[in-house]
Amino acid sequence: MAGDASGIPELDQDKYDADEEVKIICLGDSAVGKSKLMERFLIDGYHPQQLSTYALTLYKYTTTIDSKAVLVDFWDTAGQERFQSMDPSYYHKAHACIMVFDVQRKITYKNLTSWYTGLREYRPEIPCVVVANKIDADMKVTQRNFNFAKKQGLPLYFVSAADGTNVVKMFKESIKMAMSYKQNSSDFMDEVMQELEALLFKVAPHPRKCSELLSWSRRRRSR
Ligand SMILES: Nc1nc2c(ncn2[C@@H]2O[C@H](COP(=O)(O)OP(=O)(O)OP(=O)(O)O)[C@@H](O)[C@H]2O)c(=O)[nH]1
Ligand SMILES: [Mg+2]
């Protein structure tokens, strides 16, 4: 993975000869199936063995949208990192977020609130989808009400990395949303925050320091 001094990977748009590049991040507790969903989408495969993600894995995917070559950077982190200790660089310049929970483990659904709060602290406006994974284990869950998504006004997808249900649909929609956000984002404050973030990541010697500065600027913003 290419990287600069701040540890943020460089954009590979030129290298991949893409017209556009978008970054999509994946959030959710450990073992909800984030990596298996990527595996299913990117290689249309699934190997049931458990291998928890160590730190960060970056996947590249190219596609064509409206005759444009689009390079998608999928960022997959270890759910063990938990929301409290997520490095701010993970959120940096993300255009969309895929937030996953496991329909078999209630706690992973409850924890969406914390993941979402963490996301919104750094990326207040980007599109986010909620993903209910592992529906193959019990199809009846699709009848259940998962109000978190409705309450936050977010789209909800019932998927299975194991048998592939809705996986391609969910990823394709997420890519479209990321593209649309990148092209149409009219939120002035968000643009200012992006510029500020870029600047701070350049000048701050350490991402944590940068995060403190950003929190300070956000507190001032919300006054
Ligand atoms: N039944 C079923 N099991 C799944 C599904 N998706 C993932 N799993 C299983 O859940 C376990 C965890 O999957 P991972 O993709 O490694 O989970 P993760 O969210 O990436 O976990 P971390 O890397 O620790 O954050 C594995 O044993 C998978 O086989 C699914 O759709 N159905
Ligand atoms: Mg993983």
Please evaluate residues Phe148 and Val130 with respect to the criterion side-chain contact (heavy atoms from CB on, under 4.5 Å), reporting the C-alpha separation (whole Å), side-chain torsions for both, the decisive distance (0.1 Å), and the verdict.
CA-CA 9 Å; Phe148 173 81; Val130 179; 4.2 Å; yes

| query | Stepwise, does the side-chain contact (heavy atoms from CB on, under 4.5 Å) test hold for Val70 with Val22? | reply | CA-CA 7 Å; Val70 180; Val22 290; 4.2 Å; yes

Query raised in the report: Could you go step by step and tell me if Leu56 and Asp87 meet the side-chain contact (heavy atoms from CB on, under 4.5 Å) rule?
Result: CA-CA 11 Å; Leu56 167 75; Asp87 195 292; over 6 Å; no

Q.
Apply side-chain contact (heavy atoms from CB on, under 4.5 Å) to residues Thr62 and Leu71 and explain how you reach the verdict.
A. CA-CA 5 Å; Thr62 48; Leu71 172 62; 3.8 Å; yes

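In plain terms, the two heavy atoms of Phe101 and Ala132 that are nearest each other are CZ-CB, 3.5 Å. Heavy atoms only, all atoms of each residue included: Asp19 and Ser67 are closest at OD2-O, 4.3 Å. The shortest heavy-atom contact between Cys128 and Tyr116 is SG-CE1, 4.1 Å. Looking at every heavy atom in both residues, Val103 comes nearest to Arg144 through O-NH1, 4.4 Å. Between Ala96 and Ser174 the shortest heavy-atom distance is CB-O, 4.1 Å.
Side-chain heavy atoms closer than 4.5 Å link hydrophobic residues (I, L, V, M, F, W, Y) into clusters, and following such links, possibly through other members, connects Tyr109 to Ile135. Side-chain heavy atoms closer than 4.5 Å link hydrophobic residues (I, L, V, M, F, W, Y) into clusters, and following such links, possibly through other members, connects Leu154 to Val141. Linking Ile, Leu, Val, Met, Phe, Trp and Tyr residues whenever their side-chain heavy atoms come within less than 4.5 Å leaves Val72 and Trp75 in two separate clusters. Hydrophobic cluster membership differs between Met99 and Tyr59, with clusters built from Ile, Leu, Val, Met, Phe, Trp and Tyr side chains linked at under 4.5 angstrom.
Taken from CE in Met38 to CG in Leu58, the straight-line distance is 9.5 Å, to the nearest 0.5 Å. Between the OG atom of Ser30 and the CG atom of Asn111 there is a distance of 11.5 Å, given to the nearest 0.5 Å. The CD1 atom of Ile175 sits 5.0 Å away from atom OH of Tyr61, with the distance rounded to the nearest 0.5 Å. Atom-to-atom distance recorded for Ile24:CD1 and Met179:CE is 10.5 Å, nearest 0.5 angstrom. In this structure, Asn133 CG and Gln104 CD are separated by 10.0 Å, a value rounded to the nearest 0.5 Å. Between the CD1 atom of Ile65 and the NZ atom of Lys176 there is a distance of 7.0 Å, given to the nearest 0.5 Å.
Panel note: side chain Tyr90, backbone Thr77; a donor-acceptor pair is recorded below 3.5 Å. The main-chain N or O of Leu156 is never found under 3.5 Å from a side-chain atom of Lys150 such that the two would form a donor-acceptor pair. Looking only at distances, a side-chain donor or acceptor of Lys34 sits under 3.5 Å from a matching main-chain atom of Asp29. Put simply, the side chain of Asp102 never gets that close to the backbone of Thr108: no donor and acceptor are under 3.5 Å apart. Remark: the backbone N or O of Ala94 is paired with a side-chain donor or acceptor of Arg123 at under 3.5 angstrom. In this structure, the side chain of Asp66 does not engage the main chain of Lys68 through any donor-acceptor pair within 3.5 Å. Counting only distance, with no hydrogens or angles, the side chain of Lys23 and the backbone of His92 share a donor-acceptor pair below 3.5 Å.
The aromatic rings of Phe171 and Phe74 lie perpendicular to each other, with more than 60° between the two planes, well past the 30° mark. In this structure, Phe146 and Phe158 have tilted ring planes: the angle between them lies in the 30° to 60° band.
The 12-atom threshold is exceeded at CG of Asn147, counting heavy atoms of other residues, nucleotides or ligands nearer than 6.0 Å.
The shortest distance between side-chain heavy atoms of Leu119 and Ile25 falls below 4.5 Å. Between Ile126 and Arg120 there is a side-chain heavy-atom pair separated by less than 4.5 Å. Two residues are said to be in side-chain contact when any heavy atoms from C-beta on lie closer than 4.5 Å; Phe41 and Val168 meet this criterion. Looking at heavy atoms from C-beta onward, Pro155 lies in side-chain contact with Met177 at the 4.5 angstrom threshold.
When the options Leu112, Val32, Leu27 are evaluated for a side chain to side chain contact (heavy atoms under 4.5 Å, CB included) with Val100, the one that passes is Val32.
One side chain, Asp76 or Ser35, offers a donor N or O that lies under 3.5 Å from an acceptor on the other.
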